[in-house]
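Notes follow the structure.
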Protein chains: 2
Amino acid sequence: MGETTNLAELRFSHDRCVDCPIRNRAVCSYSSPRQLAELDAAKFYRDYEPGQEIIGEGEPCDAVGSVVEGVVALHRTMEDGRRQTVGLLFPSDFVGRPLRTVAPYDAIALTPVRMCLFHRKRFEEILQHNPSLERRLLEMTLDELDAARDWMVLLGRKTAIEKLASFLLILAHRTATLDNQPFDDGIAITLPLTREAIAEYLGLTIETVSRQFGVLKRNGVISLPDPRITVIEDLRALFYLAGEDPDQEFEPRPFRPAANA
Amino acid sequence: MGETTNLAELRFSHDRCVDCPIRNRAVCSYSSPRQLAELDAAKFYRDYEPGQEIIGEGEPCDAVGSVVEGVVALHRTMEDGRRQTVGLLFPSDFVGRPLRTVAPYDAIALTPVRMCLFHRKRFEEILQHNPSLERRLLEMTLDELDAARDWMVLLGRKTAIEKLASFLLILAHRTATLDNQPFDDGIAITLPLTREAIAEYLGLTIETVSRQFGVLKRNGVISLPDPRITVIEDLRALFYLAGEDPDQEFEPRPFRPAANA
DNA sequence: CCGCACAGTTGATTCAGATCAAGGATAACA
DNA sequence: TGTTATCCTTGATCTGAATCAACTGTGCGG
C-alpha cells in the first residue's frame with residue numbers, strides 16, 4: 001500500500017471530520033457529532049498517485065474507507081490478462097469490503113487520490129454499535145448494486161457508440177451537478193481516465209473507444225479541444241445515441257457512423 | 001401482482017417461520033426466536049407461475065421478501081426492447097429494494113415460485129429495530145454486489161463459449177451443494193431456464209446459446225439427455241473453457257470449436 | 001536538440017457472434 | 001389424430017468490433 005505523496009496536488013486539506021469535504025455524502029453522513037468523534041479518532045488519511053494500487057485483488061484487505069479526493073477504479077482481471085473495470089469511484093464513495101477478509105477486486109488510483117481509511121477490524125467494531133453508520137453503508141451498497149446492474153445492461157446489450165455515449169452522459173451529469181451548472185449543452189468534461197481506462201470500463205478495446213470519439217466529434221455531438229477534455233455540443237443527441245431517451249419526445253435525426261457515409 | 005396458484009407443484013408447505021426451509025440462509029437467519037416471531041406475524045406467502053411478474057420495473061414496489069421456492073430473474077429492458085437479465089435469484093435470496101419506492105428492475109418467476117413477502121413499509125419498520133436483520137441484509141447485499149461485478153467481467157470480456165461454461169459451472173456447483181453430492185463429473189443439472197432466458201442472462205442471442213451447447217456436446221464436455229437437462233461429463237474441461245482455472249494445474253487439450261475442424 | 005516513451009488516432013483485415021431463415025421435436029388441445 | 005404453439009437446433013450470410021499495423025503528436029531526460 002502507498003506512501004504519502006504529492007499532497008500539493010490535492011484540492012482540500014483538512015484534519016478533522018467536521019471540516020471534511022465529503023462529510024455529508026459519505027458513509028459517515030448520518031453519524032451524529034458524538035459518533036463522528038469516534039470515527040475521527042480511528043480514521044487516517046493516505047494519498048496515492050495515479051496508477052498506484054490501493055487494494056490488491058485477492059490480497060488480504062485490512063483497510064476500508066472513503067474516497068476524499070480523486071477517482072478510483074475497481075478491476076477484476078482474468079488469468080490471461082483480460083481486464084474489466086467493475087466500478088468507478090468518486091469522492092464520498094466507499095472502498096473496501098467490510099465483513100470479508102480478502103478483496104474480491106483491486107482498487108487503483110486513476111488520478112491523485114486521497115483516501116480516508118480505517119483498519120477493517122476497527123471499522124467493523126465501530127459498525128457494530130453505530131446503527132446510523134450501518135444504515136448508511138446499507139443504503140450506499142444498495143445504490144452500488146443498482147449501478148452495477150445498470151452497467152450490466154451496458155456491457156451485455158449496448159453497442160460501442162451507445163456505451164461511449166452513456167459513459168459521457170454520466171460524466172456530464174456528474175460534472176454539471178458538482179459545478180452546480182445546468183445539465184445542458186456546453187458542459188466541459190475533464191476526463192480523469194485514459195482511453196485505455198475507458199476501454200476497460202466499457203468492455204471495448206482502446207481503438208474502438210478512439211474511433212467512437214471520432215464518430216461523435218465528426219457528427220458535432222462533442223468537441224475535443226484536447227483528448228482529455230470533452231465538450232458536450234449536443235446533449236440531446238448524446239441521450240439519443242445512448243439509447244436512454246431521457247424524456248420520451250426526441251426526433252431521431254440522420255446520423256453518420258463513418259466519415260464518408 | 002399474482003394470485004395464489006398451483007401450490008401442489010411446490011415442494012414445501014409450511015406456515016410458521018421455524019419450519020421454513022430457508023430459515024437459516026435467508027435475510028432472517030440471524031434473527032432470534034423472539035425477533036422471528038415479529039417477522040412471522042408480518043410475513044405473507046404468495047405463489048407465482050412461470051412467466052408471472054413479481055415486481056414491475058419502474059412501478060411502485062411495495063413488497064419485499066425472500067424466494068422460498070423456485071427461480072426468479074431480474075431484468076432491465078431498454079426502450080427498444082433489448083433485455084438483460086441482471087440477477088438470478090434462488091431460494092433464500094432477497095427480492096425488492098428496501099429504502100426505495102420504485103423498483104429499478106422487474107422480477108419474473110422462471111419456475112413456479114413461492115415468495116415470503118412483507119409490505120415494504122412494514123419491513124423497513126422492523127428493520128429499524130432489528131440490527132441482526134439489517135446486518136444480514138447488508139451482508140447479502142454486499143455478496144450480491146460482488147456477484148454482479150463478477151457478472152460484469154463475464155458480460156464485458158468473455159466469449160460465448162466462456163459465458164456458457166461459466167454459467168453451467170455455477171449451476172453445477174449449486175446443484176452439487178444442494179444435493180450434497182461431490183462437485184465432480186456426472187452432475188446432472190435441471191435447467192430452470194429456457195434458451196431465451198439463458199441468452200438474456202449471458203448477453204447473447206438464443207441461437208448462439210444453442211450453438212455453444214452444441215459445441216460442448218460435440219466435445220464431450222456435457223451431454224443433453226433433454227434440452228433442459230445437462231449432464232457434466234468433464235468438469236475440468238468446463239473450468240478450462242470458462243477461463244476460470246479452479247486450481248492452477250490443468251493441461252489444455254485440443255478443442256474443436258466446430259463440427260468439421 | 002535528439003531520442004524515447006507514452007497516449008492517442010487511423011487504416012486494413014479478420015472473425016465471433018448477430019441476423020435472417022428454415023426445420024424438427026414435444027406437448028397441449030380440439 | 002391432426003393442429004397449433006413453443007422451444008430448440010441448424011445453416012447461410014452479414015456486420016460490428018477486435019486485431020494487426022502504422023503513424024502522429026507531446027512531453028521528458030539526457
Side-chain angles (χ1 to χ4, degrees), chain A residues 50-51 78 80-84 110-111 154-165 190-218 222-230 241 243 255-261, chain B residues 6 49-51 78 80-84 110-111 154-165 190-218 222-230 241 243 255-261:
Chain A
M78 293 173 63
D80 62 5
R82 276 175 288 174
R83 178 180 294 179
Q84 177 65 47
L110 293 181
T111 64
L154 178 140
L155 292 174
R157 295 295 178 202
K158 291 194 176 180
T159 64
I161 193 75
E162 288 171 336
K163 286 177 173 183
L164 184 59
T190 305
L191 292 176
L193 296 78
T194 62
R195 294 287 184 268
E196 183 173 31
I198 296 172
E200 287 182 353
Y201 196 30
L202 300 181
L204 297 171
T205 59
I206 168 176
E207 295 95 329
T208 299
V209 170
S210 192
R211 275 185 249 275
Q212 302 308 325
F213 266 108
V215 171
L216 292 178
K217 199 167 59 172
R218 274 198 301 282
I222 62 170
S223 56
L224 291 173
D226 174 284
R228 298 293 275 270
I229 296 175
T230 301
L241 290 173
F255 182 71
R256 190 170 312 173
N260 54 336
Chain B
N6 51 341
E49 291 177 84
M78 293 173 63
D80 62 7
R82 277 176 286 176
R83 178 180 293 179
Q84 176 66 47
L110 293 182
T111 63
L154 179 142
L155 292 174
R157 294 296 177 202
K158 290 194 177 180
T159 63
I161 192 74
E162 287 170 337
K163 285 177 175 183
L164 184 59
T190 305
L191 292 175
L193 294 78
T194 63
R195 295 287 185 269
E196 183 173 32
I198 296 172
E200 287 182 356
Y201 196 30
L202 300 181
L204 297 171
T205 59
I206 171 174
E207 295 95 329
T208 299
V209 170
S210 191
R211 275 186 248 276
Q212 301 308 323
F213 266 108
V215 172
L216 291 178
K217 198 167 59 171
R218 273 198 301 285
I222 62 170
S223 56
L224 292 173
D226 175 284
R228 297 293 275 271
I229 296 175
T230 301
L241 290 173
F255 183 70
R256 191 169 312 171
N260 54 338

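Basis for what follows: all heavy atoms, side chains included, without hydrogens, waters or symmetry-related copies.
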Leu202(A) and Leu164(A): CA distance, side-chain angles, deciding distance, side chain to side chain contact (heavy atoms under 4.5 Å, CB included) verdict:
CA-CA 7 Å; Leu202(A) 300 181; Leu164(A) 184 59; 4.1 Å; yes

Exercise: do Glu207(A) and Ser210(A) side chains pair donor with acceptor under 3.5 Å
no

What is the first contacted nucleotide of DNA chain C and what is the last, in 5' to 3' order, if contact means an atom lying under 4.0 angstrom from a heavy atom of chain B?
dG17(C) to dC20(C)

Which atom names give the shortest non-hydrogen contact between Arg228(A) and Thr194(A), and what distance separates them?
NH1-CG2, 3.8 Å

Result for 5'-nearest mapping on DNA chain D, choosing between Arg211(B) and Glu196(B), is Glu196(B)

Does the side chain of Thr111(A) come within less than 4.5 Å of Pro192(A)'s, by heavy atoms?
yes

Ring-face cation contact, Phe213(A) with Arg195(A), 6.0 Å cut, 45° max
yes

Is Thr194(A) touching bases, backbone alone, or none of the nucleic acid, heavy atoms closer than 4.0 Å?
sugar-phosphate

Check ion pair Arg82(A)-Glu162(B) (N to O, under 4.0 angstrom)
yes

Of all nucleotides in DNA chain D that come within under 4.0 Å of a heavy atom of chain B, which is furthest toward the 5' end and which toward the 3' end?
dC8(D) to dA12(D)

Report yes if some heavy atom in the side chain of Leu216(B) is under 4.5 Å from a heavy atom in the side chain of Ile161(B); otherwise report no.
yes

5'-most by nearest nucleotide on DNA chain C - Ser210(A) or Arg157(A)
Ser210(A)

For the residue pair Ile198(B) and Ile206(B), establish whether any side-chain heavy-atom pair is separated by less than 4.5 Å.
no

